[in-house]
**Student:** 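Mind having a look at this structure? Questions to follow.
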Amino acid sequence: MAVHRYLERYHPMEKRIHNFNAGPAALPKVVLEEMQASLLNYKGSGMSILEVSHRSRWFEEVLEDAKSRMKRLLNLDDRYHVLFVQGGASLQFCMVPMNLLPEAGLGDYVNTGIWSAAAIKEAKIQGKRVEVVASSEDRNFCYIPEKVPVHPHASYAHITSNNTIKGTQWPSFPDTGAVPLVADMSSDILSRHFDVAPFGLIYAGAQKNLGPAGVCVVILRSDMLERVPPGLPTMLKYTTYVEKNSMHNTPPCFAIYVVQLVCEWLEETVGGLDKVEALNREKARVLYELLDRGDFYRGTADRNSRSMMNVTFRLPTEELEKRFVAQAEQEGLGGLKGHRSVGGCRASLYNATGIEAVRDLVSFMENFAAKNG
Ligand SMILES: Cc1ncc(COP(=O)(O)O)c(C=O)c1O
């Protein structure tokens with residue numbers, strides 16, 4: 001069978017590269033191995049994890065465990081619900097204003113790049129009243145605004161906690177007083193410790209730090225549910241996901257299963273968010289230190305706004321950038337091309353990327369600069 005020929009040729013678990021993709025992105029090897037083992041016979045069920053019913057006890061356990069681990073990792077109290085929604089972070093751009101921004105209300109948004117702009121656009125499409133209260137567009141989104149003057153009567157203030165494309169990240173979150181924060185944390189959820197109390201809602205497409213594409217994790221504070229207007233389509237209202245435990249219809253079972261494994265790995269192997277944050281800080285420090293050492297590489301984000309997750313940089317010419325990405329790939333360092341909308345280079349250092357991958361990258365970069373500088 002063709003599948004066997006594929007296995008003979010590629011030995012999937014042997015020749016793995018250092019994966020710096022922005023998403024879908026690297027997953028922990030132990031998670032991939034566990035996943036592989038569950039593909040034929042999941043926990044003695046005699047069925048693949050891909051074959052068990054979403055109403056079976058096997059999947060029920062997966063869902064409950066994924067939720068409890070997420071709650072423990074983020075230190076969520078009983079007011080918070082953990083929901084699993086399809087449609088990616090992009091559907092949340094639409095569901096957030098649809099559910100949380102009343103007709104007469106005002107949504108404050110901070111524009112820190114392409115994904116923030118996409119969130120703003122989706123609110124405006126619905127005819128909602130939206131105001132951009134802070135922006136870094138004046139300098140091509142290379143920084144995080146220091147002041148966020150929210151309107152005290154705003155329904156929420158929306159931010160993008162980490163800007164995957166521009167390589168910036170909020171070093172700490174803005175004080176919005178009584179106005180609930182809403183955050184797109186797609187590219188830095190579970191990468192660092194933070195206080196969840198000011199947040200009414202957090203969403204994150206799983207395919208960067210949480211698991212595979214196909215599920216978006218939504219963390220919702222229960223008081224937000226009071227705003228959900230009547231008459232919304234069933235699959236577009238948060239109340240459905242809360243009332244039906246994210247199982248109104250068939251959920252993305254396999255993606256949720258992998259989120260569960262990643263959370264288990266974070267809790268039990270890595271040792272929680274403080275530990276992973278220390279590792280992430282060290283990985284970013286090592287790479288930025290190299291960028292700052294000479295003038296061959298140039299980081300694109302302001303220093304105090306630099307992302308720990310997506311390190312964006314330029315080389316002296318586009319020609320050199322092309323060569324850099326191609327040669328890196330030949331040496332087993334993949335995914336270093338910048339987003340197609342901005343060009344340049346980008347190394348994504350999500351939780352599953354180890355310090356040894358970053359050290360190998362740095363040593364490749366030193367050699368490349370020595371030969372081409
Ligand atoms: C910060 C951020 N928000 C939203 C998205 C869009 O996510 P999705 O493809 O899950 O809709 C991305 C994708 O890369 C992202 O990085």
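This is a predicted model, so every value here is computed, not measured. Note that ligands are numbered from 1 as they come in the structure, with each ligand's atoms numbered from 1 the same way.
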**Student:** In terms of atom number and element, which parts of ligand 1 are under 4.0 angstrom from non-hydrogen atoms of Gly88?
**Tutor:** 10 (O), 11 (O)

**Student:** Please check if the distance between the ring centroids of Phe59 and Tyr257 is under 6.0 Å.
**Tutor:** no

**Student:** Report yes or no: does Asn162 have a heavy atom closer than 4.0 Å to ligand 1?
**Tutor:** yes

**Student:** Report the part of Leu91 in contact with ligand 1, treating N, CA, C, O as backbone and CB onward as side chain, heavy atoms under 4.0 Å; options are side chain, backbone, both, neither.
**Tutor:** neither

**Student:** For atom 12 (C) of ligand 1, grab the closest protein heavy atom and report residue, atom and distance to one decimal in Å.
**Tutor:** Trp115 CE2, 3.4 Å

**Student:** Which protein non-hydrogen atom lies closest to atom 9 (O) of ligand 1, naming both residue and atom, and how far is it?
**Tutor:** Gln207 NE2, 3.5 Å

**Student:** Which is it for Ser186 and ligand 1 at heavy atoms under 4.0 Å: side chain, backbone, both or neither?
**Tutor:** side chain

**Student:** Is the ring pair His158/Tyr203 parallel, tilted or perpendicular, if the boundaries are 30 and 60 degrees?
**Tutor:** tilted

**Student:** Quick one: does ligand 1 sit under 4.0 Å from the side chain of Tyr203, the backbone, both or neither, non-hydrogen atoms only?
**Tutor:** neither

**Student:** Could you tell me whether Arg303 and Asp292 have a side-chain N and a carboxylate O separated by less than 4.0 Å?
**Tutor:** yes

**Student:** Below 6.0 angstrom between ring centroids: does that apply to Phe199 and Tyr80?
**Tutor:** no

**Student:** For Phe93, counting its heavy atoms only, list the atoms of ligand 1 lying under 4.0 Å from any of them.
**Tutor:** 4 (C)

**Student:** Using a plain distance cutoff, I'd like to know if Ser90 has any nitrogen or oxygen under 3.5 Å from a nitrogen or oxygen of ligand 1.
**Tutor:** yes

**Student:** Side chains of Ser187 and Thr164 only: does a donor on one sit below 3.5 Å from an acceptor on the other?
**Tutor:** yes

**Student:** Got the closest protein heavy atom to atom 7 (O) of ligand 1, with its distance?
**Tutor:** Ala89 CB, 3.5 Å

**Student:** Is any NZ, NE, NH1 or NH2 atom of the basic residue among Glu268 and Arg69 found under 4.0 Å from an Asp or Glu carboxylate oxygen of the other?
**Tutor:** yes

**Student:** Need the ligand 1 atom indices (1-based, order shown) with element for anything under 4.0 Å from a heavy-atom of Thr164.
**Tutor:** 1 (C), 2 (C), 15 (C), 16 (O)

**Student:** Other hydrophobic cluster members with Val311, side-chain heavy atoms of Ile/Leu/Val/Met/Phe/Trp/Tyr under 4.5 Å, chained?
**Tutor:** Phe20, Val286, Leu287, Tyr288, Leu290, Leu291, Phe296, Tyr297, Phe313, Leu315, Leu320, Phe324, Val325, Leu333, Leu336, Leu349, Ile355, Val358, Leu361, Val362, Phe364, Met365, Phe368

**Student:** So for Lys208, does at least one of its heavy atoms come nearer than 4.0 angstrom to any atom of ligand 1?
**Tutor:** yes

**Student:** Between atom OG of Ser56 and atom CD of Glu61, what is the distance when rounded to the nearest 0.5 Å?
**Tutor:** 8.5 Å

**Student:** Taking the six-membered ring of Tyr143, is the NZ or CZ of Arg139 close enough (under 6.0 Å from the centre) and on axis enough (within 45°)?
**Tutor:** yes

**Student:** May I ask which of Asp184, Thr112, Thr160, Asn163 has a heavy atom nearer to atom 4 (C) of ligand 1 than the others do?
**Tutor:** Asp184

